[in-house]
Amino acid sequence: NATVYTGYQFGHYSRINKSSGRAELSIHPIAQLGEEPFRYCWQTPICLSKHNQDILYMGSNRFHRSLQQGNKIETLSDDLTNGKKVGDVPYGTITCIAESPLKFGYIYVGTDDGNVYISKDLGYHFTKINTGLPSGLRVMRITPSKFEIGRVYDALSGFQFDHFAPYVFVSNDFGSTWAKLSANLPMEPVNVIKEDPTNKSILYVGTDNGLYISLNQGNSYSPLGGKFPRVAIHDLAIQENANEMLIGTHGRSLYIFSLNEIQQLSDSILNQDLVLLKSPETITYSSYWGKRWDKWEPTNDVNFGINFYAKNSGVATIEIRTDKGELVHTYKDSVEAGLNYSNYNLSVDSVNLVHLQNTKGKKASPPLTLKKADNGLYYLPVGTYQIKVMLANATLTKKLQIKKGKEEQEEEEVPQLEKE
């Protein structure tokens, strides 16, 4: 984690040591005296081996490899493109490089003029594998599968020729044959394709106008909707430990969303009217909920996610009750057909405050001890609650457990002085 590779246009990379904050090395392969100068793509591909982090691969119009973090870099291939074309920027360049996560030294290379290659010996020899693919299209992304060694996905784009059809392909035999996976994708050039890290049937495709998700290995796609903007998606990265996807846009924005709910979707769930999805049912209480540190700071607001799948759109009624059945909070939320993420702020409705705190009343047993926070809300104390989601004729419930926080535990552990 102390080493970072960063770069800018046309193949100029640096190796940076995070401890010192300084660039240790400039990485920019140049041709030997008498050779044709290397041509670098505007966004030059660089790839660290998943099997050995000292090994990096880099592409100009030829393939370069370093076994020593860039300290020594070799040019291993001839020109892998169809040749130079004169224009405002270099053309006839390598656009993407990827190594199989299942086999060390199995390397795929794609170019801006439609060539796709595989090397099975760490880059010493390359075999062209674009037979069956549309000719001349820019290879935007090659994604080797982490589930099947011979499976590889290929995203192509004709945007530079004002050709906007989506092109996504898969091969299950190392590129010997290809099958189209574009299905119902709209007329938008494709920039990136990723596999889900745990479910081989789920694919994520970024286009010039949004993110699309397939639950059936590319036979059909659905857009990521809700408040997500219709923007050009240029890159997708998955953080497997957190099970989250990072989305990079053409506008240099980053978005993060959890894959937990998408990975739960299946044909059996999609055929039901309403399904509450698995999500954390326990949250730790904190006396800092709703607290304002000073008058210039916003309050520390909190939300609990109630995530569910709905077959049809509508308006859902959501109720939160104590384990004795007393109503704590109720609200309505608009529902879209598909995944829905509803946030509950863990507060008590003002109309329910009196009877919930009433020590003499029959409804509250035992009564809740509620304190007003700086933001004017009364938050639920430690205890067990029920969440009920009602949509049309469907009603589902789940448990919510608020457990003691560190502050509450420490208060209980303070020893009491004995009376003399």
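None of the values given here were measured: they were computed from a predicted structure.
For CG of Asn393, the number of neighbouring non-hydrogen atoms (other residues, nucleotides, ligands) closer than 6.0 Å is 12 at most. Within a 6.0 Å radius of CG in Asp294, more than 12 heavy atoms belonging to other residues, nucleotides or ligands are found. By the neighbour-count criterion of 12 heavy atoms within 6.0 Å, atom NE2 of His163 is densely surrounded, having more than that number from other residues, nucleotides or ligands. Counted within 6.0 Å of NE2 on His250, heavy atoms from surrounding residues, nucleotides or ligands total 12 or fewer; the atom is thus considered open. Within a 6.0 Å radius of CG in Leu25, other residues, nucleotides and ligands contribute more than 12 heavy atoms.
With a 4.5 Å cut-off on side-chain heavy atoms, Ser145 and Glu195 count as touching. The shortest side-chain heavy-atom distance between Thr44 and Tyr13 falls under the 4.5 Å cut-off. When side chains are defined from C-beta on, Trp289 does not count as touching Lys371, because their heavy atoms never get closer than 4.5 Å. Looking only at side-chain heavy atoms (C-beta outward), Glu261 and Tyr309 stay at 4.5 Å or farther from each other. Side chains of Tyr40 and His28 form a contact here, defined as non-hydrogen atoms less than 4.5 Å apart. Using a 4.5 Å heavy-atom threshold, the side chains of Ile73 and Leu56 count as touching. No side-chain heavy atom of Thr207 sits less than 4.5 Å from a side-chain heavy atom of Tyr221. In this structure, the side chains of Ser60 and Arg39 stay at 4.5 Å or more apart for every pair of heavy atoms.
Judged by distance alone, the side chain of Ser286 and the main-chain N or O of Tyr288 form a donor-acceptor pair under 3.5 Å. In this structure, Gln239 contributes its side chain and Ala242 its backbone to a donor-acceptor pair below 3.5 Å. No donor-acceptor pair closer than 3.5 Å links the side chain of Asp374 to the backbone N or O of Thr299. Remark: side-chain polar atoms of Arg62 are paired, donor with acceptor, to backbone N or O of Ser77 under 3.5 angstrom. With hydrogens and angles ignored, the 3.5 Å screen pairs a side-chain donor or acceptor of Ser66 with a backbone N or O of Lys72. Between the side chain of Asn191 and the backbone N or O of Ile233 there is at least one donor-acceptor pair closer than 3.5 Å.
Each of Ile402, Asn343, Ile387 was compared with Phe304 under the side-chain contact (heavy atoms from CB on, under 4.5 Å) criterion, and only Ile387 meets it.
A donor and an acceptor atom, one from each side chain of Thr330 and Glu319, are nowhere located under 3.5 Å apart. In this structure, a donor-acceptor pair under 3.5 Å is present between the side chains of Thr93 and Asp112. Between the side chains of Asp196 and Gln263, a donor-acceptor pair is found at a separation under 3.5 Å.
Relative to the six-membered ring of Phe161, Arg138 misses at least one condition, a distance below 6.0 Å or an angle of at most 45° to the axis. By the 6.0 Å and 45° rule, Lys291 stacks over the aromatic ring of Trp293. Remark: Lys398 is not positioned above the aromatic ring of Phe308, lacking an NZ or CZ atom under 6.0 angstrom from the ring centre and at most 45 degrees off the axis.
The aromatic rings of His329 and Tyr344 sit tilted relative to each other, their planes meeting at an angle between 30° and 60°.
Smallest separation of non-hydrogen atoms from Phe63 and Ile94: N-CD1, 4.1 Å.
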